[in-house]
Amino acid sequence: MSVISSSTREIPETGMIPQHIAIIMDGNGRWAKNRFMPRMAGHKRGVETVRTAIKACIERGVEYLTLFAFSSENWRRPTDEVAFLMQLFINVLEQEVTKLHENGICFKVIGDLSKFDSKIVEFIRNGEALTAANTRFTLTIAANYGGRWDIMQAVRKMLEQHPQLANCFDESDLMPHFALNYAPEPDLFIRTGGEKRISNFLLWQLAYTELYFTDTLWPDFDARALDLAIQSYQQRERRFGRTSEQIQARSSAHGGREVAVKKTA
Ligand code: IPE
Ligand code: IPE
Ligand code: MG
């Protein structure tokens, strides 16, 4: 399997629609609190925003959307909130997976599923199997996901399959074992809700991702808010370690257009 990584990107892509957007959907609790509603109402409303975001991404030509739904640290929340989030996840899986399939969407879940109820794991596996051949758009939900967990499990899997690598391995040996091994690295990272941190999301994969933070709370993040994030991304110059002059020389050599040439590992 070949995966595009920051170290294999030949020419930076700017002025384009990001191929892969990763989002920390934060601010559901505060959205509800602002309305004197229980936190759970914010989570329910957040699911509607997920639908809006998927539709808007597809319409704009984004190919991969990765959403942080539950972190490996979110188990620390009050038991009733964790139970509510689990039930919400089951309900959404039950109601939405067929619709995702009808819309040609490939559905994936990344994270440590061993902590989940067997019913949830079954729903996830069935949903992934049903939608596996869809190529139009890939929706990934990060559930009980942690960036450190991902790196550790990748090392363990690699060594299990290739014990001879124990003394000497490099990035290309490790990369096929990351949970998100089917997707290019995110081009644009969005965090709603005002915090400016990664909260143990995709640590490895965000190495050269353009970061965008907004105070907008997740339930209020609509298509217009997504456009603002994409516009911000389009104004960035992605250099991947090169100088601005090198990037501009490349761009004019391609008739003023940034050309995406992807060299795979
Ligand atoms: C994000 O919203 C959803 C999850 C972490 C499941 P929060 O629940 O963190 O909302 P705030 O940050 O408390 O407003
Ligand atoms: C990050 O949000 C995790 C998800 C959105 C699933 P949190 O609200 O849990 O993050 P912290 O605790 O404020 O860093
Ligand atoms: Mg939060």
Side-chain angles (χ1 to χ4, degrees), residues 21-59 62 65-100 102-103 105 107-113 115-124 127 137 139-146 188-202 212-230:
I21 300 182
I23 308 183
I24 296 188
M25 311 183 286
D26 197 18
N28 291 348
R30 279 163 285 164
W31 182 90
K33 201 174 166 201
N34 291 344
R35 285 164 179 75
F36 306 100
M37 288 154 85
R39 293 179 56 81
M40 322 300 173
H43 295 315
K44 262 179 115 170
R45 188 54 185 258
V47 175
E48 283 173 42
T49 310
V50 170
R51 286 193 200 98
T52 310
I54 295 169
K55 188 165 173 277
C57 281
I58 293 175
E59 284 168 0
V62 174
L65 176 65
T66 301
L67 301 174
F68 205 7
F70 193 87
S71 77
S72 43
E73 288 73 31
N74 286 144
W75 297 104
R76 297 172 184 159
R77 292 194 177 200
T79 330
D80 60 341
E81 180 163 346
V82 171
F84 180 87
L85 286 168
M86 290 303 140
Q87 193 53 50
L88 189 63
F89 195 25
I90 294 180
N91 295 349
V92 171
L93 286 169
E94 269 177 340
Q95 289 162 17
E96 305 290 329
V97 169
T98 322
K99 286 186 219 157
L100 293 175
E102 284 162 8
N103 284 293
I105 298 171
F107 169 72
K108 300 263 198 191
V109 175
I110 55 169
D112 181 3
L113 297 188
K115 267 206 166 188
F116 286 118
D117 197 272
S118 57
K119 191 175 165 196
I120 300 189
V121 180
E122 198 183 313
F123 272 128
I124 291 172
F137 182 79
L139 170 70
T140 301
I141 302 294
N144 192 24
Y145 180 87
L188 172 62
F189 161 93
I190 299 171
R191 180 171 188 145
T192 62
E195 312 297 350
K196 290 172 186 66
R197 54 179 174 252
I198 305 290
S199 298
N200 199 16
F201 194 27
L202 304 160
Y212 179 84
F213 297 94
T214 171
D215 288 337
T216 303
L217 303 172
W218 177 249
D220 292 327
F221 191 83
D222 55 12
R224 209 186 129 263
L226 177 72
D227 284 334
L228 290 177
I230 294 176

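Any value given below was found using the heavy atoms of this structure, including those in side chains, with hydrogens, waters and symmetry copies removed.
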Report the residue from L100, L88, I120 that forms a side chain to side chain contact (heavy atoms under 4.5 Å, CB included) with L93. I120
For R197 and R191, work out which heavy atoms get closest and say how close. O-NH1, 2.8 Å
Under 30°, 30 to 60°, or over 60°: which ring-plane class applies to W75 and F116, parallel, tilted or perpendicular? tilted
Looking only at heavy atoms, which two atoms of A229 and I190 are closest? And how far apart? CB-CD1, 3.6 Å
Taken to the nearest 0.5 Å, the spacing of I90 CD1 from I124 CD1 works out to 9.5 Å
Heavy atoms only: give me the nearest T52-A223 pair and the separation to one decimal. CG2-N, 4.4 Å
Which label fits F201 and Y145: parallel for a plane angle under 30°, tilted from 30 to 60°, or perpendicular past 60°? perpendicular
Would you say R45's side chain and N28's backbone share a donor-acceptor pair under 3.5 angstrom? no
Can you measure from CD (E122) to CG (L113) and round to the nearest 0.5 angstrom? 13.0 Å
Test side-chain contact (heavy atoms from CB on, under 4.5 Å) on R77 and R39 and set out the steps. CA-CA 12 Å; R77 292 194 177 200; R39 293 179 56 81; 3.0 Å; yes
Minimum-distance pair of heavy atoms, taken over all atoms of V109 and A143: CG1-CB, 4.1 Å
Let me confirm one number: the CZ-CG distance from F137 to L139, rounded to the nearest 0.5 Å. 6.0 Å
Please tell me if the side chains of M86 and F70 come closer than 4.5 Å, counting only heavy atoms from C-beta onward. yes
Assess whether a salt bridge exists between K99 and E102, defined as any Lys/Arg side-chain N lying under 4.0 Å from an Asp/Glu carboxylate O. no
Ignoring hydrogens, what is the shortest heavy-atom contact between P219 and G42? Give both atom names and the distance. CG-O, 4.0 Å
Side chain to side chain, N200 and S72, heavy atoms closer than 4.5 Å: yes
Interatomic distance, L226 atom CG to I23 atom CD1 [nearest 0.5 angstrom]: 6.5 Å
Heavy-atom donor-acceptor pair, T192 side chain to D26 backbone, under 3.5 Å: yes
Could you tell me whether the side chain of L67 reaches within less than 4.5 Å of the side chain of V50, counting heavy atoms only? yes
Is it the case that the side chain of N103 and the backbone of I105 share a donor-acceptor pair, with hydrogens and angles ignored and the cut-off at 3.5 Å? no
How long is the straight-line distance from CZ of R30 back to CG of D215, given to the nearest 0.5 Å? 9.0 Å
Short question: side chain of N144, backbone of D112 - any donor-acceptor pair under 3.5 Å? yes
So, do F189 and I24 sit near enough that their side-chain heavy atoms are less than 4.5 Å apart? yes
Hey, does W31 have a side-chain heavy atom less than 4.5 Å from the side chain of D220? yes
Grab the two heavy atoms, one from W218 and one from A53, that are nearest each other, plus how far apart they are. CH2-CB, 4.0 Å
Output for pair (F84 CZ, E81 CD), nearest 0.5 Å, gives 9.0 Å
